[in-house]
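Shown next, in structure tokens, is the structure this report addresses.
Sequence lines set the chain letters: A, B, ... in the order given, protein chains first and strands last, and positions in each chain run from 1.
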Protein chains: 2
Amino acid sequence: MGYNLDMVDQRFSVSIHIMTALAFHKGELMTSEQLAGSIRTNPTVIRRLLAKLVEAGLLESFKGKSGGVKLAKSPKEISLKDIYAAVCCDKKLIATPDKEASKQCVVSCNMGKLLDDVVNGIENNSMNYMSNICLSELTARIK
Amino acid sequence: MGYNLDMVDQRFSVSIHIMTALAFHKGELMTSEQLAGSIRTNPTVIRRLLAKLVEAGLLESFKGKSGGVKLAKSPKEISLKDIYAAVCCDKKLIATPDKEASKQCVVSCNMGKLLDDVVNGIENNSMNYMSNICLSELTARIK
DNA sequence: TTATATTGTACCTATATCTGTTACATTAAC
DNA sequence: GTTAATGTAACAGATATAGGTACAATATAA
């Protein structure tokens, strides 16, 4: 059975693929089946992500026969940050432990806030970088 | 049993804690037992990370009685990038699928390289940011 | 009106990976 | 020699994602 041996979180990558495919097809409707074919995965995996992208206002979906999804905005108005926020909003790029501090240890007592600041700094830096890359830049690279 | 309900990768966060504690103790030797106390985890978890930090040249370790680890450099010469590279070098911040492209689909055929470029851009951006935060800045925040 | 095709979920299994833990060989100080 | 430390190996427990089946709801199309 062709299991993927790398079981880490690929939702962001797959979502970029989805959005790029939709942008490449110039706002036309595509089905989860078509997208799953391009990405070589199961349509349900795609639909799980589509639901989040719809919820975030990046896509519009249409049920029923000849339904599907399409971009809700122009590719110039959608950034990688938008996609990341839509799909991975529940998860930090870098995790911090949530254990209680060891009261006798000054370092331990300060570490919670220190790590939060560090991680937030890294995340904000990444989000800022991603907000400057838009979908149209990605489709421009497809030859 | 006090299991941590958040089973995501905390190696970077824990390593920052380790390095900050060692810097705070001004280059003195500390044992994995002491560090584990501050971090509230098992000494083996700490030693696994120490091994990587030693291998990367950030720490020196001493076996045997009254052994332990200490910083191999000044806190000003150690950045978050160094720590990240030492401990998480085997893992991308953002994962990409490694499936074969769907040959009939132009988007699919271009997506491998496109995603690599995107992810490398994000990683390089993060590494650059992290290279500008050094250990001495972290210890300065401990009150 | 009926058949069809699609989204949107719910649910389950397999897998990978990390954490926590025990155990022990190796090593160096005392 | 005893002791206390690192460095690993091995294993169980927990979690999250991917992949997959099934089906209700829905809207087009015939």
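Cluster membership check: A:I122 shares its hydrophobic cluster with A:L80, using side-chain heavy-atom separations under 4.5 Å among Ile, Leu, Val, Met, Phe, Trp and Tyr.
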When you look at B:T31 and B:E33, which way does the side chain to side chain donor-acceptor pair (under 3.5 Å) test go after all the steps?
CA-CA 5 Å; B:T31 67; B:E33 194 94 30; 5.9 Å; no
With side chain to side chain donor-acceptor pair (under 3.5 Å) as the criterion, how do A:S38 and B:S102 come out once you've worked through the C-alpha distance, each side chain's angles and the decisive distance to 0.1 Å?
CA-CA 6 Å; A:S38 175; B:S102 171; over 6 Å; no
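Across the protein-nucleic acid pair, A:L59 atom CG and C:dT6 atom P stand 17 Å apart, rounded to whole Å. Regarding A:L49, its CG atom lies at a distance of 13 Å from the P atom of C:dT9, rounded to whole Å. Atom CG in A:D9 sits roughly 13 Å away from atom C1' in D:dT15 (whole-Å rounding). With rounding to whole Å, A:M30 atom CE is found 18 Å from C:dA5 atom P. Straight-line distance from the CG atom of A:L29 to the C1' atom of C:dT7: 12 Å, rounded to whole Å. As rounded to whole Å, 14 Å separates atom C1' of D:dG7 from atom CD1 of B:I46. As rounded to whole Å, 18 Å separates atom P of C:dT6 from atom CD of A:E60. One can place NZ of B:K52 at 17 Å from C1' of D:dT6, the figure rounded to the nearest angstrom.
Judged by distance alone, with hydrogens and angles left aside, the side-chain atoms of B:R40 form a donor-acceptor pair with the main-chain N or O of A:A101 at under 3.5 Å. Checked by atom type and distance alone, the side chain of A:D117 never pairs as donor or acceptor with a backbone atom of A:L114 at under 3.5 Å. Checked by atom type and distance alone, the side chain of B:D82 never pairs as donor or acceptor with a backbone atom of B:I78 at under 3.5 Å.
When each of A:R48 and A:V54 is assigned the nucleotide of DNA chain C with its nearest heavy atom, A:V54 is the one assigned upstream, toward the 5' end. Nearest-nucleotide positions on DNA chain D for B:A51 and A:V14 put B:A51 closer to the 5' end.
Its side chain within the 4.5 Å cluster rule, A:L29 clusters with A:F62 among the Ile, Leu, Val, Met, Phe, Trp and Tyr residues.
Phosphate contact (OP1/OP2 of D:dG19, side-chain N/O of B:K99, threshold under 4.0 Å): present. Contact check, B:T41 against C:dG20: a side-chain N or O comes under 4.0 Å of OP1 or OP2.
Distance from the side chain of B:S61 is smallest for D:dG7 among the nucleotides C:dT19, D:dG7, C:dT7. When distances are taken from the side chain of A:Q10 to each of D:dA5, C:dT19, D:dA18, the shortest belongs to D:dA18.
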Letter by letter from the 5' end, nucleotides 21-30 of chain D scores (B base, S sugar-phosphate only, - none; protein heavy atoms under 4.0 Å) BB---BBBS-
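Pairs engaging residues 63-78 of chain A under the side chain to side chain donor-acceptor pair (under 3.5 Å) rule: A:E60-A:K70 [sequence neighbours left out]. Applying the ring-ring contact (aromatic ring centres under 6.0 Å, His included) definition to pairs two or more places apart or across chains, those involving residues 77-109 of chain B are B:F12-B:Y84.
Annotation: proximity of residues 100-122 of chain A to DNA chain C (heavy atom, distance under 4.0 Å) is found for no residue.
A:R11 comes within contact range of the sugar-phosphate backbone alone, with a heavy-atom separation under 4.0 Å but no base atom that close.
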Using distance only, find each side-chain donor-acceptor pair of residues 127-137 of chain A under 3.5 Å and give its atom names and separation, not counting sequence neighbours.
{"unit_1": "A:S131", "atom_1": "OG", "unit_2": "A:N128", "atom_2": "O", "d": "2.7"}
{"unit_1": "A:N132", "atom_1": "ND2", "unit_2": "A:N128", "atom_2": "O", "d": "3.2"}
{"unit_1": "A:E137", "atom_1": "OE2", "unit_2": "A:C134", "atom_2": "N", "d": "3.1"}

